[in-house]
**Student:** 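One structure is given below, represented as structure tokens, and several questions about it will come after.
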Amino acid sequence: MAATSDDSEAGSAGPVYRRVLLKISGESFCRRGESGISMSEVESLALQIQRVAASGVELAIVCGGGNILRGRQFSEISDAIAPATAHYMGMLATVINALALQDALENLNVQTRVQSAIRMEGVAEPFIRRRCIRHLEKGRVVILAAGTGSPFVTTDTAAALRAREIEADVVLKGTRVDGVFSEDPELNPHAVRYSHITFADVLSQGLKVMDAQAFHHCMEHGIPIVVFNYLKEGNIERVIRGERLGTRVTPTAEPTA
Ligand code: UDP
């Protein structure tokens with residue numbers, strides 16, 4: 001594994017990936033510490049995505065819904081709601097985010113499609129793998145909503161499963177921190193960020209990259225994950241150009257640069 005504080009190494013000018021799956025958590029849709037949707041946050045996200053789409057990479061996005069509702073938390077508040085119902089509510093929250101992102105992107109003339117894992121033809125296409133791939137090939141950004149369509153998992157798992165289905169080269173996990181750290185950087189300011197780490201090292205050190213199911217799916221199928229801070233302007237584009245920022249999680253160790 002390689003620890004680093006260097007964010008600046010340049011990559012090539014064009015995308016180094018052909019097709020990517022970008023996971024954006026619900027907190028990206030609201031201001032820090034708030035909930036709900038802030039269209040100014042969504043618009044700045046859309047601006048970054050516009051530039052990525054223009055680079056020619058095929059881009060599918062899985063939206064989270066935690067800015068509105070997370071099933072597990074919500075069902076713990078009250079016995080009046082069945083856990084499964086709460087999780088379905090969480091999935092619907094992701095559809096709300098997807099629609100907001102779609103409009104923000106279309107306002108920037110980015111062609112998009114929303115595909116939902118829960119059928120709701122009035123607002124979104126159903127998720128159909130081959131159709132999703134066709135949209136991507138035509139240069140449309142496909143926003144994947146409603147997670148997997150099944151309760152009790154998170155949109156991290158949806159991202160990992162969809163990445164495999166659509167044969168994405170990588171899962172990009174946009175977060176509010178700079179990558180994977182030796183310890184929680186908010187608790188220990190001396191925590192070290194890894195520029196690169198293997199799946200095995202993540203497990204042996206008990207580090208957190210994505211939720212466990214998502215992580216194991218990527219590990220089992222050799223799908224690399226890049227964890228990076230999407231809040232820093234231009235970072236999504238930089239990751240797609242292969243710049244060494246954030247943390248790359250891969251099956252085998254990479255040679256140190
Ligand atoms: N969810 C679900 N099945 C899925 C994806 C999501 O039941 O396949 C529910 C789950 O309750 C989750 C909520 O939708 O908490 C919102 O998704 P998530 O927590 O992953 O959003 P994020 O943390 O990324 O904002």
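Nothing fancy with the numbering, it's 1 onward along the sequence. What you are looking at is a predicted structure, and each value in this text was computed from that prediction instead of being measured. Counting starts at 1 for both ligands and their atoms, following the listed order.
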**Student:** Salt-bridged, E121 to R119, with N to O below 4.0 Å?
**Tutor:** yes

**Student:** Measure the shortest side-chain to side-chain distance between T247 and R193 over non-hydrogen atoms and say whether it is less than 4.5 angstrom.
**Tutor:** yes

**Student:** List the residues meeting side-chain hydrogen bond (donor to acceptor under 3.5 Å, both in side chains) with T175, not counting sequence neighbours, and say none if there are none.
**Tutor:** none

**Student:** Any side-chain heavy-atom pair from L105 and I49 closer than 4.5 angstrom?
**Tutor:** yes

**Student:** Using the side-chain hydrogen bond (donor to acceptor under 3.5 Å, both in side chains) definition, which of the options Q50, Q48, R51 pairs with E237?
**Tutor:** R51

**Student:** Mind jotting down which protein residues get a heavy-atom contact under 4.0 Å with ligand 1? Chain and number order, please.
**Tutor:** K23, S25, G26, G64, G65, G66, L69, R70, G71, H87, G90, M91, G147, T148, S150, P151, F152, V153, T154, T155

**Student:** Taking atom types as modelled, is there a side-chain donor on N229 or N235 under 3.5 Å from an acceptor on the other?
**Tutor:**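 There is no such pair (donor and acceptor under 3.5 Å, judged by atom type) between the side chains of N229 and N235.
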
